[in-house]
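Pasting a structure below so you can have a look.
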Amino acid sequence: MVEISAKLVQELRKKTSAGMMDCKKALKENNGNMVQAEDWLRKKGIAKAGKKADRVAAEGLVGSYIHTGGRVGVLVEVNCETDFVARRPEFQELVRNISMQIAACPNIEYVTVADIPEEIVQKEKDIEMGRDDLSNKPDNVKEKIVQGRIDKRLKELSLVDQPYIRDQSILIEELVRQGINQLGENIQIRRFVRFVLGEGVEKEELSFADEVAAQTGRKE
């Protein structure tokens, strides 16, 4: 199999505006042939979706999802270009699926890796650089290992980089792109918030004996 270089992937991405993973897959499927890979992306509708991603999306919906038992709740804003598309059941279903994904992923904090503040990235780097298992590594090797670990960690915080809970073969980024192809408009996840019942509230921890005493009214 032909080795697919990062430069080749970047070149195809520049031509089609498709995502990095899609471009890499297209090149692998076509043995590195740029023309065939571009045609492959167009047939899949992926290149078309990429070009739409630059258009302004200011309409859409604020969707919600409350998990069974009412202990976890989600609000998410998903934007599209027109109110007409926002009212379509396909778009509403997409918003609901995204809100359910957020509810199911307690570790995500940002929509994309690009949204993560630089100070958070630097903090993660400082932590990784101080790991004991890297203490005897040469600096150039250490940098590569740390970068790989940081990339993995940042993706764990990013919504669009999560495998879709209903189809683990695709990421949320690809789910949104499918929506773009289906509905013919740019679609963007703008922001979200996740509520967990009691989160951040300091609770008084009682021992079993104290609980019994409290319930029976006994005083020490």
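Just so you know, residue 1 is the first one in the sequence shown, and it goes up from there.
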Please check: side-chain N/O of Asn33 versus main-chain N/O of Gln36, any donor-acceptor pairing under 3.5 Å? yes
Verify the cluster assignment for Ile66 and Leu197: are they in a single hydrophobic cluster under the rule of side-chain heavy atoms below 4.5 Å apart? no
For Asp126, what residues pass the side-chain hydrogen bond (donor to acceptor under 3.5 Å, both in side chains) criterion, not counting sequence neighbours? Gln122
Pairwise distance CE(Met100) to OH(Tyr164) - rounded to 0.5 angstrom: 7.5 Å
Looking only at heavy atoms, what is the nearest atom pair of Trp40 and Ala26, with distance? CE3-CB, 3.3 Å
Would Ile165 end up clustered with Leu175 when hydrophobic side chains under 4.5 Å apart are linked, directly or stepwise? yes
Could you give the distance from CD (Gln10) to OG (Ser5), rounded to the nearest 0.5 Å? 10.0 Å
Could you check whether any side-chain N or O of Asn79 sits under 3.5 Å from a backbone N or O of Glu59, counting only pairs where one atom can act as donor and the other as acceptor? yes
CG of Leu159 to CD1 of Ile108: how many Å apart, nearest 0.5 Å? 4.5 Å
Is Val113 close to Lys155 at the side-chain level, that is, under 4.5 Å between some pair of heavy atoms? yes
Heavy-atom count around Met21 CE within 6.0 Å, excluding the residue itself: above 12? no
Excluding sequence neighbours, so at least two apart, what forms side-chain contact (heavy atoms from CB on, under 4.5 Å) with Pro117? Tyr110, Glu119, Ile120
Please list all pairs meeting salt bridge (charged side-chain N to carboxylate O under 4.0 Å, His left out) that have one or both residues in residues 158-169, counting only residues at least two apart or in different chains. none
Which residues share a salt bridge (charged side-chain N to carboxylate O under 4.0 Å, His left out) with Arg190, sequence neighbours left out: Glu77
What are the two closest non-hydrogen atoms of Gln92 and Leu61, and how far apart are they? CG-CD1, 3.5 Å
Quick check for you: to the nearest 0.5 Å, what is the distance between Gln168 atom CD and Gln162 atom CD? 10.0 Å
Starting from the C-alpha separation in whole Å, work towards a yes-or-no answer on salt bridge (Lys or Arg N to Asp or Glu O under 4.0 Å) for Asp22 and Arg13. CA-CA 9 Å; Asp22 289 323; Arg13 189 183 186 202; over 6 Å; no
Who else is in the cluster with Leu75 when I, L, V, M, F, W and Y are joined by side-chain contacts under 4.5 Å? Val62, Val193, Phe195
Just to verify, what does Glu156 make a salt bridge (charged side-chain N to carboxylate O under 4.0 Å, His left out) with, not counting sequence neighbours? Arg153
Looking at residues at least two apart in the chain, or sitting in another chain, which of them share a salt bridge (charged side-chain N to carboxylate O under 4.0 Å, His left out) with Asp83? Arg87
Which value, rounded to the nearest 0.5 Å, describes the distance between Asp115 atom CG and Leu157 atom CG? 11.5 Å
Non-hydrogen atoms of Val95 and Gly63 that approach each other most closely: CG1-CA, 3.6 Å
Ile145 vs Arg149, test: side-chain contact (heavy atoms from CB on, under 4.5 Å). Steps then yes/no. CA-CA 6 Å; Ile145 294 174; Arg149 290 179 179 179; 3.6 Å; yes
Going by the rule side-chain hydrogen bond (donor to acceptor under 3.5 Å, both in side chains), which residues pair with Asp39 if we only count those two or more places apart in sequence or in a different chain? none
Heavy atoms only: give me the nearest Leu27-Ala37 pair and the separation to one decimal. CD2-CB, 3.8 Å
Any side-chain heavy atom of Ile116 sitting closer than 4.5 Å to one from Val121? yes
Testing Val78, Ile98, Asn181 one by one against Ile187 for a side-chain contact (heavy atoms from CB on, under 4.5 Å), which residue passes? Val78
Does Val196 sit in a hydrophobic cluster with other residues, and if so which ones, taking ILVMFWY side chains as linked at heavy-atom separations under 4.5 Å, directly or through other members? none
Minimal heavy-atom distance between Ser64 and Ser99, with the atoms involved, is O-OG, 3.9 Å
Applying salt bridge (charged side-chain N to carboxylate O under 4.0 Å, His left out) as the test, list every pair that has at least one member in residues 90-99; sequence neighbours left out. Arg88-Glu90
If you measure from CD on Gln178 to CD on Glu173, what distance do you get to the nearest 0.5 Å? 11.5 Å
Under the side-chain contact (heavy atoms from CB on, under 4.5 Å) test, which residues partner Val72, sequence neighbours left out? His67, Ala103, Arg194
Would you please name every residue forming a side-chain contact (heavy atoms from CB on, under 4.5 Å) with Gln147, sequence neighbours left out? Asp151
Do Leu41 and Leu171 share a hydrophobic cluster, counting only Ile, Leu, Val, Met, Phe, Trp and Tyr and linking them when any side-chain heavy atoms are less than 4.5 Å apart? no
Shortest non-hydrogen contact between Glu109 and Phe192, atoms and distance: C-CZ, 3.7 Å
Does the side-chain contact (heavy atoms from CB on, under 4.5 Å) test come out yes or no for Leu12 and Glu38, once each step is laid out? CA-CA 7 Å; Leu12 182 59; Glu38 189 173 349; 4.1 Å; yes
